[in-house]
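Reviewing the structure listed below.
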Amino acid sequence: MKLKLFAIPLIAAALIGTGCGKKEDKAQEAADAAQKAAQQMAQQTAPAAAGGAHTPGVVIPAKTLAGALVAPSGYTIEGEPETMEMDLQGQKWSHANATYKNGEKTIKIGIYDYNYITGLSTAYSAMMNMNMESNDESMHTDKIGGFPAWVDWKKKSNQGTIGVIVNDRVFVVTEGHTGTTLDEIKAAASGINYSAIASATK
């Protein structure tokens, strides 16, 4: 069974979720589960990385990615940005994400440096060439901040996702929930400091 792309934030959640108030055995179980998932991911992505156009190298520090996050206009950050860096069997990746609120409306922004590891970015990359229109959903390619992007809007639930890929390596994913408008999600995605991200990939 292939490990889905969303396993990456799940690994982070497993590691972060073992707070000091938890029992040690529960923390160990979560850590073991995260390690097992990461190992499976590494096994599946290693061949793809080896055959890619780029060779994975030094990962962008998660704190640097967090510095590129910008609060959408009218929204305030909930807590502080979450960051994670992984180094597993020579494969490295990192991410930073934050949640912003405006009343009940929620916008989540994640910046993921997949370090040219093709297997980690396959699901997102596939959406870059997809255009679709139905009664319930609109999906199309776009350009944001001068970089290729996709826009996916759920018409009936007023939820949407915008993804931007920077230099074939870093994915910026902006999600809007609970009453956000497509214009708000686009504005949030456009407000990210893409020049800082692009500079960090060099």
Report the distance from atom [atom1] of [X] to atom [atom2] of [Y], rounding to the nearest 0.5 Å.
X	Y	atom1	atom2	result
Asn158	Thr181	CG	OG1	8.5 Å
Asp152	Ser138	CG	OG	8.0 Å
Thr180	Tyr75	OG1	OH	5.5 Å
Ile60	Lys202	CD1	NZ	11.5 Å
Ser94	Lys63	OG	NZ	12.0 Å
Phe171	Ile111	CZ	CD1	13.5 Å

SB check Lys105 Glu184 (cutoff 4.0 Å)
yes
May I ask you to say whether Lys155 pairs ionically with Glu133, meaning some side-chain N is under 4.0 Å from a carboxylate O?
yes
Can you find a pair of side-chain heavy atoms, one from [X] and one from [Y], that are under 4.5 Å apart?
X	Y	answer
Ile165	Val170	no
Val172	Tyr112	no
Ile162	Trp150	no
Trp153	Ile185	yes
Thr174	Ile107	yes
Met84	Trp93	yes
Val151	Leu182	yes

With hydrophobic residues grouped by side-chain heavy-atom distances under 4.5 Å, do Tyr100 and Ile144 end up in a single group?
yes
Val70 and Ile197: same hydrophobic cluster, using ILVMFWY side-chain contacts below 4.5 Å?
no
Nearest heavy-atom neighbours spanning [X] and [Y]:
X	Y	answer
Pro81	Ala66	CB-CB, 4.3 Å
Val164	Ala149	CG2-CB, 3.8 Å
Ala198	Asn167	O-ND2, 3.6 Å
Thr141	Asn131	N-OD1, 3.1 Å
Ala188	Pro72	CB-CG, 3.7 Å

Between Thr106 and Lys101, is a side chain to side chain donor-acceptor pair (under 3.5 Å) present by the stated rule, with each step listed?
CA-CA 5 Å; Thr106 302; Lys101 302 283 287 187; 2.8 Å; yes
Among His177, Glu175, Lys154, exactly one meets side chain to side chain donor-acceptor pair (under 3.5 Å) together with Gln159. Which residue is that?
His177
Give a yes or no answer on whether the side chain of Asn115 reaches the backbone of Lys92 with a donor-acceptor pair at less than 3.5 Å.
yes
Would Leu65 and Thr83 satisfy side-chain contact (heavy atoms from CB on, under 4.5 Å), going step by step from the backbone distance to the final call?
CA-CA 8 Å; Leu65 298 179; Thr83 59; over 6 Å; no
Apply the test side-chain contact (heavy atoms from CB on, under 4.5 Å) to residues Thr161 and Val173: give CA-CA distance (whole Å), side-chain angles for both, the deciding distance (0.1 Å), then the verdict.
CA-CA 7 Å; Thr161 302; Val173 182; 3.7 Å; yes
